[in-house]
Amino acid sequence: KMWYLSWNFFSFIFLVPLLILAIVLPYPPKLVMGIFFAVGFIIALFTIWWIPKYFLSLRYELEDEAIKSTGGVFWKKIVTVPYSKITNIDLTQGPVQRYFKIGTVHLQTAGAGGNAAVKAELLMVGISNLEETKNLIMEKIKCGTTGQKSEETEMTKEVMLMKILQEVTTLRQIIEKKSN
C-alpha cells in the first residue's frame with residue numbers, strides 16, 4: 001500500500017504540469033500531449049505489475065552466523081552480512097512508513113568506507129517490528145554465533161594466549177642470555 005501511495009504521489013507531480021499545459025496553451029501540441037499520456041499510461045501499468053512482484057521477492061533471513069537478504073524482479077540480488085562485521089544498525093521511518101507502521105533497518109559494516117559509508121551494506125525494507133528486529137540482531141552480535149562456536153572461539157583465544165606467553169618467555173630467556 002505504501003509503495004502504491006508513493007507512486008501515486010509522484011505520478012500526480014508528473015501529470016499536473018501536463019494538465020496545466022493542456023489547459024493554458026491555446027493550441028496544445030496534441031501529438032506531444034498524447035505521447036506524454038501514453039508513456040505515463042505504460043509506466044503506470046508497468047508499476048502496477050512491478051510493485052507486488054518486487055514486494056514478494058524480498059526475503060530476509062537471520063541465520064546463525066549472518067543475515068541474508070534476497071530480492072529483485074529482473075535481477076536477483078543476494079547479500080550476506082556476517083554478524084561479526086556489523087558495526088552500526090540504524091532504523092528509519094518516513095511519514096508514510098510511520099502511517100503504515102513499517103520502516104527500514106540499515107545494517108552497516110566496517111568494510112564500508114569512503115563514499116560507500118553513506119549507504120548501508122544491507123537494507124531491510126518494509127519491516128513492521130523495527131525495535132524487535134534491531135534487538136534480535138544486537139543479541140546475535142553480542143552472543144556471537146551458536147554456543148558451540150563461542151566455546152571454539154574461547155579455546156582459540158586460550159591457545160593464542162598460551163603461544164604468546166611461550167614466545168615472550170623465549171624472548172626473555174634469549175635477552176637474559178645475551179645480557180649475561
Side-chain angles (χ1 to χ4, degrees), residues 1-17 40-161 164:
K1 290 180 182 179
M2 183 202 73
W3 289 339
Y4 280 125
L5 185 64
S6 299
W7 182 82
N8 285 332
F9 175 75
F10 289 112
S11 296
F12 181 76
I13 290 173
F14 174 73
L15 291 176
V16 166
F41 183 72
I42 290 169
I43 291 172
L45 287 177
F46 176 76
T47 305
I48 289 169
W49 171 83
W50 182 80
I51 286 176
K53 295 282 186 199
Y54 180 74
F55 177 75
L56 292 172
S57 76
L58 295 177
R59 299 264 186 263
Y60 307 110
E61 298 175 35
L62 301 177
E63 297 175 345
D64 288 338
E65 296 182 16
I67 298 175
K68 184 177 176 183
S69 167
T70 307
V73 177
F74 299 115
W75 288 273
K76 295 289 184 188
K77 182 177 182 180
I78 300 171
V79 178
T80 303
V81 177
Y83 295 116
S84 61
K85 302 292 183 196
I86 296 173
T87 58
N88 194 31
I89 303 173
D90 295 325
L91 306 176
T92 59
Q93 279 185 306
V96 178
Q97 288 176 318
R98 276 195 303 275
Y99 176 78
F100 288 106
K101 295 179 173 71
I102 61 172
T104 303
V105 178
H106 303 256
L107 300 174
Q108 296 176 338
T109 63
N115 292 337
V118 174
K119 65 179 195 171
E121 185 77 26
L122 181 110
L123 294 176
M124 298 173 74
V125 181
I127 302 298
S128 60
N129 47 358
L130 289 173
E131 284 296 326
E132 290 175 33
T133 304
K134 178 181 178 180
N135 292 339
L136 184 60
I137 294 169
M138 293 296 286
E139 278 301 312
K140 294 261 190 188
I141 292 170
K142 285 179 189 174
C143 295
T145 56
T146 63
Q148 184 180 8
K149 293 283 186 182
S150 295
E151 289 172 15
E152 289 174 11
T153 304
E154 287 301 316
M155 290 299 289
T156 305
K157 285 180 185 177
E158 284 185 38
V159 169
M160 281 189 345
L161 288 173
I164 291 170

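Throughout, numbering of the chain's residues begins at 1 and tracks the sequence.
- Checked by atom type and distance alone, the side chain of Lys134 never pairs as donor or acceptor with a backbone atom of Leu130 at under 3.5 Å.
- From Ile89, atom CD1 reaches atom CD1 of Ile67 across 7.0 Å, with rounding to the nearest 0.5 Å.
- Of all the heavy atoms in Tyr83 and Ile141, the pair that sits closest is O-CG1, 3.8 Å.
- The heavy-atom pair separating Glu63 from Lys140 by the smallest distance is O-NZ, 3.7 Å.
- Checked by atom type and distance alone, the side chain of Gln93 pairs as donor or acceptor with a backbone atom of Ile102 at under 3.5 Å.
- Atom CD of residue Glu61 and atom CD1 of residue Ile78 lie 9.5 Å apart, to the nearest 0.5 angstrom.
- Remark: Asp90 engages Asn88 in a side-chain hydrogen bond (donor to acceptor under 3.5 Å, both in side chains) (not counting sequence neighbours).
- To the nearest 0.5 angstrom, Thr109 atom OG1 is 8.5 Å from Ile86 atom CD1.
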Please list, one pair per line, the donor and acceptor atoms closer than 3.5 Å that link side chains of residues 40-54 to other protein atoms, with sequence neighbours excluded.
| unit_1 | atom_1 | unit_2 | atom_2 | d |
| --- | --- | --- | --- | --- |
| Thr47 | OG1 | Trp7 | NE1 | 3.2 |
| Thr47 | OG1 | Ile43 | O | 2.8 |

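- Remark: of the listed residues Leu123, Val79, Val125, Val125 is the sole one forming a side-chain contact (heavy atoms from CB on, under 4.5 Å) with Tyr60.
- Contact detail for Leu122 and Met124: the closest heavy-atom pair is CD2-CG, 3.7 Å.
- Other residues, nucleotides and ligands place more than 12 heavy atoms under 6.0 Å from the NZ atom of Lys76.
- Atom CG of Leu107 sits about 9.0 Å away from atom CD of Glu121, to the nearest 0.5 Å.
- Here the NZ atom belonging to Lys77 is positioned 11.5 Å from the OG1 atom belonging to Thr70, to the nearest 0.5 angstrom.
- We find the OG1-CG distance between Thr133 and Leu62 to be 7.5 Å, quoted to the nearest 0.5 Å.
- Under the rule for a side-chain hydrogen bond (donor to acceptor under 3.5 Å, both in side chains), Ser57 has no partner lying at least two apart in sequence or in another chain.
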